[in-house]
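A short worksheet on the structure shown next.
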Amino acid sequence: MATPVRAAVLTGVEEKFRFEDLILDDIRPDEVLIKIAATGLCHTDLAVQHGDIPGPFPFVLGHEGSGVVEQVGDHVTGLAVGDAVTLSFASCRDCRNCLAGHPTNCLNLYPLNFFGVRGDGSTTFSRPDGGAVHGSFFGQSSFATYAITSATNVVKLPDGAPVELVGPLGCGFQTGAGTILNTLKVQPGSTVVVTGAGAVGLSAIMAAKIAAATTIVAVDILDERLAIARSLGATHTINSREVDAIARIMEIIPGGADYGVDTTGVATVIESLLQATALGSRIALVGVPRPGQTVNLGLISASGKTIVGAMEGDCVPQTFIPQLLALHRAGQFPFDELITSYSFEDIEQAIADTASGKAVKAVLVMPD
């Protein structure tokens with residue numbers, strides 16, 4: 001049976017989100033209906049709003065949802081009505097990369113996550129007059145009171161997990177942590193530089209501490225973010241507006257760092273990170289760049305280094321998110337300290353606070 005929902009709809013580039021009452025389609029046999037409890041606000045959502053990532057409009061975004069299973073398709077196993085869950089990205093689970101255990105590199109990643117439709121081209125949302133509204137963003141579109149998602153997007157939560165806080169584990173937090181632990185495989189005793197101390201960068205810093213890196217350098221332009229970075233495990237912090245970041249990193253780590261993570265997507269920052277890492281280093285690029293940006297690699301700065309574009313921390317969410325929750329219970333991954341909660345209706349305030357740096361990770365809590 002179709003489900004009425006309240007959704008934040010984006011109608012075009014640089015438009016504000018507009019709340020609408022929509023109709024959510026019937027679930028298919030391999031799908032699950034989730035009553036959304038809360039959803040994180042991610043820079044990827046804002047990249048679509050600003051046109052840095054193209055999107056079909058009107059569009060319901062949101063891809064860090066968490067909530068409770070409301071309905072289960074006939075072909076779904078392992079999930080039941082009432083289960084507390086969090087949602088992550090969509091993957092086909094059938095291509096060569098998925099079958100090799102790397103669903104973040106799914107060969108169908110872009111159509112399944114960014115095209116606004118199911119795999120068969122159908123939309124999950126419609127207006128009361130029958131007009132189609134695009135959804136299925138990251139296979140979920142959780143800027144709505146209910147979401148339809150494939151069962152493969154769903155991660156069942158362990159008992160006691162804070163349902164209204166765990167949504168960002170499905171993207172931002174797992175991206176930062178997974179980039180360190182899975183993509184780069186940071187080794188004990190190593191040196192790490194993280195540029196950008198937002199939610200992804202701070203997650204990377206927490207993971208670098210878990211990986212027993214002994215020198216962890218955070219670079220940002222906001223002293224408030226750098227203070228948080230130090231509290232979470234950074235051994236050194238650099239405000240790149242005040243000092244020459246490359247020179248300072250080389251003072252801290254003579255010869256350059258073993259690993260680098262860029263979460264800014266800014267070409268000049270990436271070029272600086274390349275210069276501040278050592279021969280043989282591994283560098284992960286995580287941030288979403290603005291269209292048209294190019295990075296000057298240079299024969300010297302990039303020579304002997306491995307540069308990888310990191311997607312969602314190269315993780316399998318069904319195993320990695322429970323690991324992060326176990327680390328959280330052990331006090332080693334305190335992601336909840338980064339969250340500021342807002343009511344769903346205050347989405348524009350959450351966006352403003354994210355842009356200003358007041359909120360590290362905004363989470364929108366749905367009405368009861």
Side-chain angles (χ1 to χ4, degrees), residues 10 12-15 41-57 59 61 63 89 104-105 109-111 113-115 137-138 171-172 175-176 178-180 183-184 192-205 217-222 225-226 238-249 256-257 259-277 281-314 351 354-357 360:
L10 189 65
V13 173
E14 299 296 359
E15 297 290 332
L41 174 68
C42 180
H43 281 286
T44 306
D45 299 308
L46 303 182
V48 176
Q49 183 184 35
H50 298 316
D52 298 337
I53 296 175
F57 301 109
F59 205 179
L61 302 176
H63 62 285
F89 61 90
T104 62
N105 294 327
L109 189 76
Y110 290 101
N113 289 274
F114 294 100
F115 285 12
F137 189 57
F138 279 67
C171 183
T175 294
T179 296
I180 291 290
T183 306
L184 296 179
V192 180
V193 174
V194 178
T195 50
V200 175
L202 292 169
S203 299
I205 287 165
V217 181
V219 183
D220 202 279
I221 59 175
L222 296 175
R225 293 288 180 88
L226 293 172
I238 298 171
N239 187 321
S240 57
R241 276 185 173 166
E242 298 177 355
V243 301
D244 182 327
I246 300 171
R248 179 68 183 122
I249 291 168
Y259 301 94
V261 178
D262 175 70
T263 69
T264 70
V266 177
T268 54
V269 176
I270 294 169
E271 290 167 4
S272 296
L273 184 61
L274 288 171
Q275 295 179 58
T277 44
S281 62
R282 289 175 53 80
I283 301 153
L285 306 183
V286 181
V288 178
R290 289 190 177 277
Q293 280 200 97
T294 58
V295 175
N296 181 10
L297 295 179
L299 290 176
I300 301 301
S301 61
S303 180
K305 303 175 185 181
T306 300
I307 303 168
V308 59
M311 294 283 287
E312 295 284 349
D314 193 18
I351 291 171
T354 298
S356 70
V360 176

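Keep in mind it's a predicted model, so treat the numbers as computed, not measured.
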Report the distance from atom CG of Leu285 to atom CE of Met311, rounding to the nearest 0.5 Å.
12.5 Å
Could you grab the distance from atom CZ of Phe114 to atom CZ of Phe89, nearest 0.5 Å is fine?
11.0 Å
Tell me if a side-chain donor or acceptor on Asp220 pairs with a main-chain N or O of Ala197 at a distance below 3.5 Å.
yes
Does the Arg282 side chain pair with the main chain of Thr183, one donor and one acceptor, at a distance under 3.5 Å?
yes
Could you report the tightest heavy-atom contact between Ser240 and Ile221, atom names first, then the distance?
OG-CG2, 3.5 Å
Given Asp262, which partner from the list Leu273, Leu274, Ile283 fulfils the side-chain contact (heavy atoms from CB on, under 4.5 Å) test?
Leu273
Report the C-alpha separation of Val219 and Val269 in whole Å, then their side-chain angles, then the decisive distance to 0.1 Å, and conclude whether the side-chain contact (heavy atoms from CB on, under 4.5 Å) test is met.
CA-CA 10 Å; Val219 183; Val269 176; over 6 Å; no
Over all heavy atoms of both residues, which pair between Ala257 and Val193 is shortest? Give the atoms and the distance, please.
CB-CG2, 3.6 Å
Min side-chain heavy-atom separation Leu41-Leu46 under 4.5 Å
yes
Quick one: closest heavy-atom pair of His63 and Cys42, and the distance?
CE1-CB, 3.3 Å
Mind checking the OH-CD1 spacing from Tyr110 to Ile53? Nearest 0.5 Å is all I need.
8.5 Å
How about Gln293 and Ile270: do any of their side-chain heavy atoms sit closer than 4.5 Å?
no
Test item: Ile238 and Ile249 side chains (from C-beta on) under 4.5 Å apart, heavy atoms
yes
Is there a donor-acceptor pair closer than 3.5 Å between any side-chain N or O of Ser281 and the backbone N or O of Thr306?
no
For Ser356 versus Leu222, what's the shortest heavy-atom pair and its separation?
O-CD1, 4.4 Å
Report yes if the side chains of Thr44 and Phe137 come closer than 4.5 Å at any heavy-atom pair, otherwise no.
yes
Is it true that a side-chain atom of Gln49 and a backbone atom of Val13 form a donor plus acceptor pair closer than 3.5 Å?
no
Value for CD (Gln275) from NZ (Lys305), rounded to nearest 0.5 Å, stands at 8.0 Å
From Thr264 OG1 over to His43 NE2, what is the distance, rounded to the nearest 0.5 angstrom?
11.0 Å
Looking only at heavy atoms, what is the nearest atom pair of Tyr259 and Leu184, with distance?
CE2-O, 3.5 Å
Considering all heavy atoms, the nearest Leu109-Thr104 contact
CD2-O, 3.5 Å
Does Thr263 use its side chain to pair, donor to acceptor, with the backbone of Thr195 at less than 3.5 Å?
yes
Flag the pair Pro291 / Asp52 as yes when at least one side-chain heavy-atom distance between them is below 4.5 Å, and no otherwise.
yes
